[in-house]
Amino acid sequence: MVINDIKYTLKDGREALIRSPKDEDIQGMLDYLYISAGETDFILRYPEECSKYTAESEKVLFDRINQSDNEAMLVCVIDGKIAGNCQITWPEKIKTRHRASVAIALLSEFWNQGIGTRLLQELIHIAEENEHIMQIELEFVEKNNRARALYEKMGFRITSVKPNAIRLKDGTLLNEYSMIREIKR
């Protein structure tokens with residue numbers, strides 16, 4: 001699904017562009033995936049695991065998502081750099097098409113600019129426009145208080161916990177929390 005371009009101003013006055021990914025974003029996305037994986041333990045990959053992502057695989061991914069009827073990806077571009085991205089996906093199966101899954105991440109240099117809020121607002125809007133979607137679902141990792149605060153601000157609530165779902169390289173085990181947000185019509 002292709003989303004129309006959305007231009008807006010960040011808290012610090014810079015211009016931001018939210019849009020569907022394009023071929024011109026492939027290298028920027030590869031850089032973003034690698035950098036974001038090394039900035040926090042809350043992303044479910046380490047930088048060395050990003051070697052599986054290639055220009056060819058990103059092109060296939062972008063094309064598939066942009067042509068899809070049941071998923072969308074948005075990138076946030078600031079000064080020509082991918083600052084973050086998010087995705088929404090919902091099944092086509094009748095029994096589960098009322099449930100959309102979302103994911104979001106930002107590079108740390110762009111935190112505290114309102115990007116996460118704006119990206120989530122756009123995902124919620126996409127869900128609200130789909131007559132079948134009744135709830136949006138996501139997960140966050142224990143101790144990711146920034147994400148939790150954002151999600152709660154946007155109307156999500158915790159519904160369950162997966163104990164010890166994440167194991168860091170040093171052996172630390174972290175819980176993963178599931179949240180949902182009902183779509184009000």
Side-chain angles (χ1 to χ4, degrees), residues 1-22 24-45 47 50 58 61-62 65-66 71-90 99-130 133 135-159 174 176-185:
M1 171 179 304
V2 174
I3 304 303
N4 293 327
D5 291 3
I6 301 161
K7 292 181 182 181
Y8 73 104
T9 304
L10 299 176
K11 291 179 181 177
D12 67 6
R14 287 182 290 176
E15 291 297 313
L17 173 64
I18 296 174
R19 60 172 167 73
S20 295
K22 299 178 180 181
E24 67 194 56
D25 299 321
I26 290 173
Q27 187 57 54
M29 181 62 80
L30 293 170
D31 295 342
Y32 158 81
L33 290 168
Y34 181 82
I35 294 167
S36 63
E39 291 185 321
T40 176
D41 286 330
F42 305 128
I43 292 180
L44 300 183
R45 66 182 174 276
C50 293
E58 288 302 290
L61 176 69
F62 290 177
I65 290 174
N66 287 339
E71 62 185 322
M73 177 187 288
L74 299 174
V75 294
C76 180
V77 181
I78 300 168
D79 298 329
K81 182 176 184 177
I82 294 183
N85 84 321
C86 63
Q87 190 168 343
I88 183 168
T89 306
W90 59 94
R99 299 169 54 200
S101 297
V102 298
I104 184 172
L106 299 173
L107 293 178
S108 64
E109 70 181 275
F110 297 102
W111 291 353
N112 299 315
Q113 291 298 313
I115 298 169
T117 299
R118 186 62 187 258
L119 288 172
L120 272 178
Q121 286 172 339
E122 296 305 325
L123 295 179
I124 291 167
H125 177 74
I126 291 168
E128 289 172 340
E129 292 295 309
N130 183 304
I133 297 175
Q135 67 187 40
I136 306 170
E137 305 172 1
L138 59 78
E139 288 79 37
F140 75 93
V141 178
E142 176 182 10
K143 299 183 182 177
N144 191 351
N145 298 325
R146 296 171 50 78
R148 180 179 178 171
L150 170 62
Y151 303 149
E152 288 176 342
K153 175 178 86 171
M154 300 302 291
F156 287 83
R157 63 180 170 82
I158 292 175
T159 56
L174 298 170
E176 183 178 67
Y177 291 87
S178 297
M179 300 183 89
I180 66 165
R181 179 189 191 278
E182 288 90 3
I183 299 296
K184 308 247 190 298
R185 292 195 166 83

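For clarity, every value in this text was computed on a predicted model and none was experimentally measured.
You'll find the side chain of F156 reaches within 4.5 Å of the side chain of I136, heavy atoms only. Side-chain contact between I158 and Y151 is absent, with no heavy-atom pair separated by less than 4.5 Å. Residues K11 and N112 form no side-chain contact, since every pair of their non-hydrogen atoms from C-beta on lies 4.5 Å or further apart. In this structure the side chain of Q27 never reaches within 4.5 angstrom of the side chain of E58, judged on heavy atoms.
Applying the ring pair (Phe, Tyr, Trp, His ring centres under 6.0 Å) test to Y177 and every residue at least two apart in sequence or in another chain returns F140. Residues satisfying the side chain to side chain donor-acceptor pair (under 3.5 Å) criterion with T117, sequence neighbours excluded, are K153. Residues satisfying the side-chain contact (heavy atoms from CB on, under 4.5 Å) criterion with R19, sequence neighbours excluded, are D5, L17, K22, E24, D25, V75, V77. In this structure, the side-chain contact (heavy atoms from CB on, under 4.5 Å) partners of E15, at least two apart in sequence or on a different chain, are T9. Remark: L106 pairs with W111, I115, L119 by the side-chain contact (heavy atoms from CB on, under 4.5 Å) rule, at least two apart or across chains. For D12, the side chain to side chain donor-acceptor pair (under 3.5 Å) test picks out R14, with sequence neighbours left out. Under the rule for a side chain to side chain donor-acceptor pair (under 3.5 Å), N66 has no partner lying at least two apart in sequence or in another chain. Judged as a salt bridge (charged side-chain N to carboxylate O under 4.0 Å, His left out), and not counting sequence neighbours, K143 has no contacts. Looking at residues two or more places apart in sequence or on another chain, you find a salt bridge (charged side-chain N to carboxylate O under 4.0 Å, His left out) between E71 and R64. Residues that satisfy the side-chain contact (heavy atoms from CB on, under 4.5 Å) test with N145, not counting sequence neighbours, are absent from this structure. In this structure, the side chain to side chain donor-acceptor pair (under 3.5 Å) partners of S36, at least two apart in sequence or on a different chain, are R45.
Between the OG1 atom of T40 and the CG atom of L107 there is a distance of 12.0 Å, given to the nearest 0.5 Å. Interatomic distance, CG of L30 versus CD1 of I35, reported as 11.0 Å (0.5 Å rounding). Here the CZ-CD distance, from R99 to E137, works out to 4.0 Å after rounding to the nearest 0.5 Å. Taken from CD1 in I65 to CD1 in I88, the straight-line distance is 12.0 Å, to the nearest 0.5 Å. Distance check, rounded to the nearest 0.5 Å: CE of M179 to CE of M154 gives 12.0 Å. To the nearest 0.5 Å, the span separating CG on L120 from CD1 on I124 amounts to 5.5 Å.
Contact detail for A105 and Y32: the closest heavy-atom pair is O-OH, 2.9 Å. Closest heavy-atom contact between C76 and Y8: SG-OH, 4.3 Å. Contact detail for I82 and G28: the closest heavy-atom pair is CD1-C, 3.8 Å. Taking each heavy atom of S20 and L74 in turn, the nearest pair found is N-CD2, 4.3 Å.
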Original post:
Passes side-chain contact (heavy atoms from CB on, under 4.5 Å), I78 versus Q113? Steps please.
Top reply: CA-CA 11 Å; I78 300 168; Q113 291 298 313; over 6 Å; no
**Message:** Is there a side-chain contact (heavy atoms from CB on, under 4.5 Å) between R181 and V102? Walk through the geometry before answering.
**Reply:** CA-CA 11 Å; R181 179 189 191 278; V102 298; over 6 Å; no
Margin query: Show, in sequence, the C-alpha distance, side-chain angles and deciding distance for V141 and L44, and conclude whether the side-chain contact (heavy atoms from CB on, under 4.5 Å) test is met.
Written below: CA-CA 9 Å; V141 178; L44 300 183; 4.1 Å; yes
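Screening residues 111-121 for salt bridge (Lys or Arg N to Asp or Glu O under 4.0 Å) gives R118-E122 as the qualifying pairs, with residues at least two apart or on separate chains.
In F42, the CZ atom is crowded: over 12 heavy atoms of neighbouring residues, nucleotides or ligands sit closer than 6.0 Å.
Although no hydrogens or angles enter the test, the distance criterion places no donor-acceptor pair under 3.5 Å between the side chain of Q135 and the main chain of I180.
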